[in-house]
Amino acid sequence: MKRAGNLFDSVANFPALMAAGRKALRGKRPTPESMAFQYSMETECLALERELRDATYVPRPYRTFTVMEPKPRTISAAAMRDRVVHHALCAALEPQFERCAVYHSYACRPGKGSHAAVRQVQFLARRSAYFLKLDVSKFFETIDHDVLKTAIRRLVKDPLALWLVDLFIDHGAPGSPQGKGLPIGNLTSQYFANHYLSRLDHLIIEDVGTAGYVRYMDDMILLDPSKAHLRKADAVVSAFASDVLCVRIKSEATVLAPVSEGIPFLGLRIFPSVVRFGGPAKRRFIRGVRNLDRWMAEGTCDGETYTRSMASRMGMAMHLDTAGLRRSLFGWPKGGAGMIRARIG
């Protein structure tokens, strides 16, 4: 595959950085930092262009915090100006990553996403008797920097673009061992991590061969009529991940079972005919709805925040077969905008 050059100029230029700045601000809750950046965005983007072209650009330290759901994770939030460069770089790299991506990969790709991945798993579940669920143990924390840099160099030859790529990779996740890990919460981390497993996609599709395959980041579902074939696939994939990619398939979380038992994927339970919340996700949904109602009753939550938060939860629930759950919580079969308006008066 021919390697791409002349990518840096599409990152280190004022129009690209302005477009990246608008993307970085889109849909985000206003903060003092983001509002200050937006107020002087032209000046900030001109300064970023100059620093990138002079090779004096250095990412600022991360702001770290911990989230507890769906599991405890340390999030590393980049400074606003660094997020702008992340967006500009990913816009330049996305076409290169797409050249070697397989159809069955659904994260960080145009026209894909989690909802499409779930629909595809359900479609394939109607055609196969068994599934194999695999995921990588501590994926972002254990990504090997040398392996990742080599993978990107198979697609890109522009030395200045590679300098910027290496800068973000080496910036690393706070507390990670030297040469390992990407910070959770960065756009570049998502794109790099998704590309990291691209070779594994090709191994599964071209060498292992199964009736169906879907991957969303490090969550992988293989489907086949033969349970024995999936057992062999598990061994091949685990060996490749360990020997070539230097990451470990989480054997304690591996599931090989009939599709009739429901496929655990992205916090959901996918059956051939219905898609429901998985147990932990269902409990989080119920707890979140009840907390919002309590905060609203206590006056610690305003109507705008309540509406936004409840609409986000209902947006997910409306994609699933949750009519009974919504009826039990709201007494409203469709549980949509009418329910939210009624609850805020």
Side-chain angles (χ1 to χ4, degrees), residues 66-73 75 104-108 112-136 139 184 190 212-223 250 252-296 301 305-343:
T66 301
V67 297
M68 303 308 295
E69 291 186 353
K71 60 184 179 181
R73 292 180 299 171
I75 306 299
H104 313 75
S105 171
Y106 282 82
C108 302
K112 300 286 187 175
S114 58
H115 294 311
V118 169
R119 289 194 298 270
Q120 183 67 7
V121 169
Q122 185 177 40
F123 172 76
L124 295 170
R126 296 168 181 154
R127 300 182 165 207
S128 295
Y130 297 97
F131 74 90
L132 172 67
K133 179 189 180 339
L134 303 172
D135 65 65
V136 178
F139 179 44
I184 299 173
Q190 295 174 40
Y213 172 61
V214 172
R215 177 173 69 83
Y216 190 90
M217 202 55 75
D218 66 316
D219 287 342
M220 293 167 275
I221 301 293
L222 291 74
L223 301 102
K250 193 188 305 181
E252 60 273 22
T254 297
V255 181
L256 176 55
V259 297
S260 58
E261 293 185 6
I263 302 172
F265 185 59
L266 301 182
L268 307 177
R269 181 71 65 169
I270 304 172
F271 297 87
S273 56
V274 297
V275 181
R276 297 184 175 129
F277 280 122
K282 181 179 178 180
R283 289 190 289 273
R284 287 194 301 273
F285 176 79
I286 294 172
R287 183 168 63 248
V289 168
R290 289 176 176 167
N291 284 342
L292 280 172
D293 279 345
R294 188 178 73 253
W295 297 333
M296 189 69 178
C301 175
T305 300
Y306 179 92
T307 302
R308 185 176 59 247
S309 299
M310 189 66 80
S312 173
R313 288 173 169 80
M314 294 310 305
M316 168 59 76
M318 295 290 281
H319 280 278
L320 311 177
D321 297 284
T322 58
L325 174 63
R326 285 181 276 125
R327 192 177 299 114
S328 68
L329 283 173
F330 310 119
W332 186 281
K334 293 186 179 180
M339 175 276 298
I340 297 174
R341 286 194 295 270
R343 292 166 98 83

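Please read all numbers here as calculations on a predicted model, not as lab measurements. For reference, positions follow the sequence shown, starting with 1.
Between R276 and F271, the closest side-chain pair of non-hydrogen atoms falls below 4.5 Å. Side-chain contact check for P272 versus Q122: every heavy-atom pair is 4.5 Å or farther apart. Between F265 and K133, every side-chain heavy-atom pair lies at or beyond the 4.5 Å cut-off.
Residues satisfying the side-chain contact (heavy atoms from CB on, under 4.5 Å) test with K112, not counting sequence neighbours, are Y103, Y106, R109. For the side-chain contact (heavy atoms from CB on, under 4.5 Å) test, no residue two or more places apart in sequence or in another chain qualifies with S273.
Of the inter-residue distances, the one linking I184 atom CD1 with F139 atom CZ reads 10.5 Å to the nearest 0.5 angstrom. Rounding to the nearest 0.5 Å places CG of L132 at 8.0 Å from CD1 of I221. Expressed to the nearest 0.5 Å, how far CG of L134 lies from CG of D219 amounts to 10.0 Å. Expressed to the nearest 0.5 Å, how far CG of D135 lies from CE of M217 amounts to 13.0 Å.
The environment of R287 atom CZ is dense: over 12 non-hydrogen atoms of other residues, nucleotides or ligands sit within 6.0 angstrom. With a 6.0 Å radius and a threshold of 12 heavy atoms from other residues, nucleotides or ligands, R126 has its CZ atom above the threshold.
In this structure, Y216 and S114 approach most closely via the heavy-atom pair CE1-N, 3.5 Å. The heavy-atom pair separating G262 from R269 by the smallest distance is O-NH1, 3.1 Å.
Checking L256, L222, V259 one by one against F131, the side-chain contact (heavy atoms from CB on, under 4.5 Å) holds for a single residue, V259. Paired with I263 under the rule side-chain contact (heavy atoms from CB on, under 4.5 Å), one option of V255, V214, L223, V118 passes, and it is L223.
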